[in-house]
Every structure is written in structure tokens, then in C-alpha cells.
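Each remark here refers to the structure printed beneath this line.
Below, all heavy atoms of this structure are taken into account, side chains as well, without hydrogens, waters or symmetry copies. Letters A, B, ... mirror the listed sequences (proteins, then strands); counts begin at 1.
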Amino acid sequence: MSPSTARRGSDAAEGPLSGFRVLDLTGPLGVYCTKLMADLGADVVRVEPPTEDSMRRLPPFYRAPAGQEVSLYYLHMNTSKRAVSLDLHQPRGRGLFLGLVEHADVLVETCAPGTLESLDLGYDTLQARNAGLVLTSITPFGQTGPYRACKASDLVGQAVGGLMAITGYKDGTPARLAAEQGYHTAALHACVGTLIALYHREATGQGQRVEASMQEAVALTTQPAVQNWDLQGELLGPQDPRFGSLWRCKDGYVSVALGRVQALERVAEWLREEGVGRGLEAARWDDPAWVATVRPQIVQGLGELLALRTRAEIVVDAQQRRLWLSPVNSAEDILADPQLHAREFFQPVSYPELGVTLTHSGAPFKLSASPWRMAARAPLPGEHNEAVFCGELGLSAAELAELRREGVL
Amino acid sequence: MTNGPDSGGRRRPLQGIRILDFSWVAAGPLAAKMCADHGAEVILVESARRRGGLRGGLPMVRGKSGWNVSGWFNNLNTSKLGITVNLKTPQGVELIHRLVRISDVVLDNYTPGVMARWGLDYDGLVKIKPDIIAMSMPVMGCTGPHRHFGGFGGAPVALAGLNYLTQIAGRGPAATAHAFADHACNGGHGAVALLAALLYRRRTGRGQFIDLGQYESTANVMGSYLLEYAANGVAQEPDVNHSRVAAPHNAYPCCGENRWCVIAVSTDEEWESLGRAMGDPAWANESRFATLESRLAHQAALDQHVGEWTRERTPEEVTALLQAAGVPAGIVQNAQDLLDRDPHLRERGYFVTLDHPEAGLGRYQRLAFQLSETPAEFDPAPLLGQHNDYVFGELLGLSQEEIDDYMVAGVIE
């Protein structure tokens, strides 16, 4: 399949969300939600301000051979979508938006709480036009509560959700998880809620609001830490060896979980085979006291063994022993990984305007009958104004031109 | 039996969907739990002899032990039913096949090949139930040269670049949260995949197989990192507490033991507000901090100054002061903050109290989303084998005598 030429409806197999129309008013906090729905076949129409969508200016950038500079952030997050431009602050813009709402199944937005209401586009207004609409709102702290109006970036979301307290270094310095995991987790879990609401809507015709909070999404990922405090009064730090840790080796790091006795047992076996497992022969793995006495020796032995080997050597050796150990990969490693290539994970997307084909990451999961696919490259600004406003809302070419002149589009 | 689909007379959104859940540890259980909390009937299939996953996982309720009091397990398996079957017996396998016949979804996260032993791989399942939806969630996916590689929640975090990129410059990879990917992208993508397949089946009548490789699922939440490398041949150097579009942007030490705050300033307006909130110190007016570009170029000095200011204050003071000034800031909250101190989570009712038959009263986390008309409802996680009578008696129509015979024979455990 060549995503640039594959147009909606021409794919042999349609996506599982084919037939659903989604309006996309998201910034970075929610945009992964609508990307998922678009790549799963929904017709996602991104509604962008006529000035410029600020997401088109987010790094990293790509400089095309002909000199244009484009945001790779935008290109990644908006595959398979269409885009219209619309000024929601102008009455005619607002009117057209309500026209779009009538034909939509879902609206996903990340505006600060109260913003839609201030544009007279609150849920009640939208619902009056379309009783079956699912309105999904993704915000840092949700729609209610004392912090609802607080400002937050991904960094703040990861901090207040409890994730940074269990990510970091031995001296206590907290670290943020990379690649905007606060935003991604909130958007992804909001997508789950949206699909549950859609399933209900298909059965009953009833629309509803779905409210997602980044803080609560992040907090959900800290379950072991939360339970440890609640049940044991113990605060977990980032370096708890029961849950896995990173080990230095010849060409980087590997990750191994030594929490289970079984894992220690397999390491001990490995050490014995290497001739450095003295004292581990008289194994009493059922006896926690004995395990505690040999643990330091096992940990030290493993460290010495790993330091002499490369990631590739270690992983093959360890996996054969059913010791579940993984390499710490960089982008370079991932792009070259034979496992991902065998599964055709990477997908070419061609950009005729830039004169290039770029390699995108592919499906998060493979559906056999209704596959995930990138149906189109990310849209240009206002690329689908004519198709949507004239083709679907019935505006004439003259009206479109006038709205453009007035800055509505 | 409290897990009825028709709670309080209100139609639940996933009412009528039955999921056989063979998944263990965290990613699969979370995907199924989100459905169970919304009215799907999720039947957790376990063995009383070989208890997998988190049944014995720490932490447990203080002073208690056994297979029903793991906090992590109980938090991840709310609203499900529990049965115990010995799949090493042909009769056990036959009972499960009968359950497949009346189910909509079968879910596992074993390494490839395990389900096939019981005739429960997709090819086997469609012979029993032609429109079944089946999902497998192995680390590497179901195909490819490394399909047999195993791993827990930490594996996809390492494989997909998240560990590598989560470094403060010059310090090496940071230790990352326990099983983060299970609770975030893999559980989340799992639920999205199931629900998308259910919507597709509703429209077309067709089931399908879902191959969710946790490595690929996690690579999907790396944002544009992989695309950047593919397009430019280089990608960002890891420096995770900093940003390319904001400065100051970091975690800063505060007073108190191991207390920290974060501050993220992305606009000049926020920068000016920060200066005023700090009482307009002279250094903040230095020209090297005047624009975002120059703040980014002088981040080390900037962090030093901001850190000296935060060090004199608690994270609560810093956050209140800066948020009032319109500057994004927050407390680096630990689990105690979340559970016992955060007034916002308390007012929103983020922690729900459930009375579990063995664990007693405990606090559990709501999901990250709330539906206004058909909200989630939570029942305690099932005891090991708690719903054998309901599932085998009411759903499969076995008589009590037959159930007793199966129990004596060690088929139902």
C-alpha cells in the first residue's frame, strides 16, 4: 500500500472505525487520540485556526531538498486526517462548525475548561444539534476540582500524577519519562473512553461527554507505588530492584527484572556455567533467607558478566535461558531491528509536495480483518476546505472565496 | 454475585459482551478491566495450582497473605469474575471450549504457542466460535524471528527507546517506573484494539485476530522520535527534563526531605510572570535570559538561579505562587501526596473505596476517563475461583452435582 495515493475507501480492507466522523480540536495533549482513530479508519477532520495551527511549528523539523521546513511532530501526529481552517470566534465560523457537528460522531478537544462554553459551543449547544454526539474533553486536571484551571505541560502532568517521583536517579533527582508520556497516556486512555461511549451510542443512540484528566492518567501508571503506600506505608523510589533495572554492558545498557526468584535462579545457573557461581550449587530457592544471602553475589556476578558482552550477545544468551532481558535501544537500533522489519512495522509515506518519502512507525497492533493503516499523509493547512464546506455543507465556490477573504477560513 | 451487567437498572455501555481473560501481570488485565468496569462480563481464567502473574505480587494487605490480597492484582482486576480450571486435563479444556462458544472476546498475553496447546489459538477459536475476537499481547508480537523472546513490563520500555531517551544529559538512563508501559500504552492500546474490533463486528458481523506486540505498541508512543531519526539521520540527544520549546523547564529542589517541584515556561509572558512571582530578582533581567532562544542557550545558569529560589520554599508554596501567576508548575508528587494530600484528587473522588471479601476496605484508582451518562462502576477483584458456581452453573448450565464431580476430579479447582 502506498499511503500517499491510497484514498479513503479505496483500501481493500476498511479500518475498524471506518464510517465514523471525528472532529479534531486537539493540541499536543490529545492529538494522539485522534491519530489513533484516523489510522483505524475514522474520517478525522482537524479544525485549525485560519492563522496557523501552532502544532505545525513544533520541533523536530525536517528540511526538504527544495528547502521547505516542516514539523515532523505535526506530520507524525496527523496521518490519515483531513484539515479545514475555521475561525471559531467569528459568528460565521461558529455556524459552520455547528454544521460540521451535525454530521459528526465524535468531537475531541483539549481546550481549557470553559473555553467551548465561552464560544457558545458548550456540550448542551452541541448536543442540541446532534443528540448522539460523543464529546471527549482532555485536559491536564479534568473539568472539575480546585486545580481544573491550572496550567500544565507534559512535565507538570508527569510530576503531579506521581510518575516523576518513581523515575530518576539514586540521589533522588526525578526525571520525566521521554516522548511526552503524560500527553500520550492521557490521549490514549481518552480514546478508550471515547470508544466505549461510541459502542454505547451505537446500541442506544445516546451521546455523552467523556472527560479525561492527564493527572489521573499518569497516576494510573503508578499503581504499584500507590498500592505500596496504601497497604504498606512504604514510598517506592525509582531504583527499587524488585521491579527491574538497567545494567551497563559493553555497548550500552540492558534491562532485566530480577524481582522473581525464578529470574535469580536462572542467573545463578548462568554464573555457574561461566565458572563464577561458587556457593550457588547448594540451591535453596524456596528459602527466602538463603535467597537473600546469595542475592548480592548474584547481582554482582551478573554485573561483571554483562560488562564484558555486547547487548546483542547478552540478549540471545539470556533469552535462550528464559532470562527475560532486553536491550536498551536507541532510534538507530530500532530502525534497524530485524524483528520489526520482519513484521513490516515501518511504513513509507510519500510527500509529493516535499518530493520525499519518509519512514513512519507503523501499527501499534495488527488487526487481521480491518487493519490499522495510514490512509494519507498529514494534511496541508485548509487542504480540505472545499471538500468539506462545499462538498458536504453545500457552500458555493463564491461563498467559500468570500469566507476566505473575511478570514473565517 | 455483584457483577451483574444491569446495575441499578441502568444500561451499561458494554453490557452483553463476554470476555474470557487469560492475561496476566498488568497489560492484558488492565485492558480487560477497563471493559469490565463498563459492564462487560470479564471472566478471569486461572489455575489454582499454577497461579500466574500478580496473585502473589507485592504489595499485600498488611498482616495478610495468600492469593487474594495483592493490592496490585486487586487494583488491576476490578469488576471481573474469577474461575479456576485445570487446563492440563482434557475436561478442563473442554469446559473452556464451551465457554468460548458463548463469549465474544478471548484475551491472552502469553508468549506465542501457549494458547495453541489448548486449541485456543485463533485458528482453534474460530472453529468453536466463528465471529470470535481474539487478542494476543506478547512482547515481540506473534510473528518474526524474535517472537519467542519474553519479558515483563520493563522489556518494551527498553526495546522501544523509552529507557534510552529517558536520561538527564550526561547521567545515563534513569531508572523508570515499574511496568510503566503495561499501565500506559499497552493496556491502553489493548483496550482500543478490542473496542475497535467490537465496533467493527457490530457493523459487519466479522470477528478477527489482534496481534499486539508490546514492543510495537510502545514504539507508537515515542512521538516523532523515530520519524526524526528516519528523516534526518540523527535524533534529539536525550535530556529529558529539558525541552526544545520551553525554558526554564526542569525539576527543581525544594525544602523538605526529597521534595521537588517542576516549572515549565514556554512563552515570554510566562517568563515575565515568573520573574514577578520571584520578586523580580536582578538576574532575571539579564539579557541572556531575555528571549526563549537565549534562555535555551543558557539553561544551566537559568536552572541554577531558579533552583536557588525554589530551594527556599516547599513545592506547595512554589506551585501555588506560580499557578496564581499563570505559570505552569507542579509538585513532584509521591504516592503519599496522591493518596493523602492532593485536595484536587480528593474532591474529584479519584480513589474509590471498595470492600474486598479478604483484603477488606481498600482504596483503588478510578480510570483516567469518566463517561457522563454511563459511568464506570467498580466491584472488588474476584477471589481465586470465586465465580465457579455462577460461570459453570448458570452460564454453562452444569448441575451442582456435575460441578462437584469436576471439583473432585480436579478439573474445576
Most heavy-atom pairs under 4.5 Å with chain A, out of B:A197, B:A230, B:G223, belong to B:G223

Cut-off 4.5 Å, heavy atoms of chain B, and the answer for A:A186 is neither

Counting heavy-atom pairs under 4.5 angstrom with chain B, the leader among A:L72, A:V210, A:L155 is A:L155

Of the listed B:Q370, B:R201, B:E347, the one with the largest count of heavy-atom pairs under 4.5 Å with chain A is B:Q370

*Lys/Arg N to Asp/Glu carboxylate O, A:E14 vs B:R203, below 4.0 Å*: yes

Report task. For salt bridge (Lys or Arg N to Asp or Glu O under 4.0 Å), just list the numbers for B:D340 and B:R363, CA-CA rounded to whole Å, side-chain angles, deciding distance to a tenth of an Å, and then say yes or no. Result -> CA-CA 11 Å; B:D340 298 337; B:R363 290 185 287 178; 3.1 Å; yes

Legend entry - A:D171/B:R171 salt bridge by N-O under 4.0 Å criterion: yes

Heaviest contributor of heavy-atom pairs below 4.5 Å to chain A, chosen from B:G151, B:S217, B:G57, is B:G151

* **From CA spacing to verdict: ring-ring contact (aromatic ring centres under 6.0 Å, His included), A:H360, A:F346** => CA-CA 6 Å; A:H360 282 242; A:F346 295 104; over 10 Å; no

Cut-off 4.5 Å, heavy atoms of chain B, and the answer for A:E211 is both

*Can you find a pair of side-chain heavy atoms, one from B:T218 and one from B:C185, that are under 4.5 Å apart?*
yes

So, the part of B:D337 with a heavy atom under 4.5 Å from chain A: the answer is neither

Cut-off 4.5 Å, heavy atoms of chain B, and the answer for A:T173 is both

So, the part of A:S18 with a heavy atom under 4.5 Å from chain B: the answer is both

Okay, A:L188 and chain B: the region with an atom under 4.5 Å from a heavy atom over there is both

The interface call for A:E332 against chain B, heavy-atom contacts under 4.5 Å, is both

Review point. Between B:F369 and B:H38, does the ring centroid distance fall short of 6.0 Å?
Key: yes

When the 4.5 angstrom heavy-atom criterion is applied to B:I17 and chain A, the contacting part is side chain

Bottom line for A:Y32: the part with an atom under 4.5 Å from chain B's heavy atoms is side chain

Honestly, the part of B:L198 sitting under 4.5 Å from a heavy atom of chain A is both

Comparing B:L165, B:N186, B:I168 against chain A, the one with the most heavy-atom pairs below 4.5 Å turns out to be B:I168

So, the part of A:Y183 with a heavy atom under 4.5 Å from chain B: the answer is neither

Step-by-step salt bridge (Lys or Arg N to Asp or Glu O under 4.0 Å) determination, B:R366 to B:D37: CA-CA 9 Å; B:R366 245 211 291 103; B:D37 294 335; over 6 Å; no

- For the pair B:H183 and B:W72, name the ring-plane relationship: parallel under 30°, tilted 30 to 60°, perpendicular over 60°. tilted

Does the side chain of B:D211 come within less than 4.5 Å of A:F365's, by heavy atoms? no

Counting heavy-atom pairs under 4.5 angstrom with chain B, the leader among A:G142, A:P327, A:P174 is A:P174

Chain B shares the most heavy-atom pairs under 4.5 Å, among A:V134, A:L323, A:V328, with A:V328

Whatever's closer than 4.5 Å to a heavy atom in chain B on A:L335 counts as side chain

Answer key: most heavy-atom pairs under 4.5 Å with chain A among B:S70, B:P173, B:G144 is B:P173

Comparing B:A251, B:G330, B:A231 against chain A, the one with the most heavy-atom pairs below 4.5 Å turns out to be B:A231

When the 4.5 angstrom heavy-atom criterion is applied to A:L40 and chain B, the contacting part is side chain

If one checks every heavy atom of B:V221 against chain A at 4.5 Å, the contacting part turns out to be both

If one checks every heavy atom of A:H76 against chain B at 4.5 Å, the contacting part turns out to be both

If you measure only the distance, is there a donor-acceptor pair under 3.5 Å linking the side chains of A:Q206 and A:H200? yes

Residue from A:P364, A:C150, A:S326 scoring the most non-hydrogen pairs under 4.5 Å with chain B is A:P364

Item checked: Donor on one side chain, acceptor on other, B:E216 and B:N220, under 3.5 Å -> no

If one checks every heavy atom of A:Y253 against chain B at 4.5 Å, the contacting part turns out to be side chain

Can you confirm whether B:L30 sits close enough to B:D182 that some side-chain heavy atom of one is under 4.5 Å from a side-chain heavy atom of the other?
no

Honestly, the part of A:I138 sitting under 4.5 Å from a heavy atom of chain B is neither

Residue from A:A318, A:A331, A:A342 scoring the most non-hydrogen pairs under 4.5 Å with chain B is A:A331

- Message: Between the side chains of A:R209 and B:E373, is the shortest nitrogen-to-carboxylate-oxygen separation below 4.0 Å, so that they form an ion pair?
- Response: no

The interface call for B:L227 against chain A, heavy-atom contacts under 4.5 Å, is both

Of A:L325, A:L340, A:T359, the largest count of non-hydrogen pairs under 4.5 angstrom with chain B goes to A:L340

Does B:R244 have more than 12 heavy atoms from other residues, nucleotides or ligands lying within 6.0 Å of its CZ?
yes

Exercise for the section: Using a strict cut-off of less than 4.0 Å between a Lys/Arg side-chain nitrogen and an Asp/Glu carboxylate oxygen, indicate whether A:K151 and B:E270 qualify as a salt bridge. Expected result: yes

> Is the ring centre of B:H189 less than 6.0 Å from the ring centre of A:W372?
Replying inline: no

When the 4.5 angstrom heavy-atom criterion is applied to B:R206 and chain A, the contacting part is side chain

For residues B:Q365 and B:N75, is any side-chain donor paired with an opposing acceptor at under 3.5 Å?
yes

Okay, A:T185 and chain B: the region with an atom under 4.5 Å from a heavy atom over there is side chain

>> Do the side chains of B:D342 and B:R346 get close enough for a salt bridge, i.e. N-O under 4.0 angstrom?
In response: no

The interface call for B:A246 against chain A, heavy-atom contacts under 4.5 Å, is neither

task = May I ask you to check whether over 12 heavy atoms, not counting those of A:R248, lie within 6.0 Å of atom CZ?
result = no

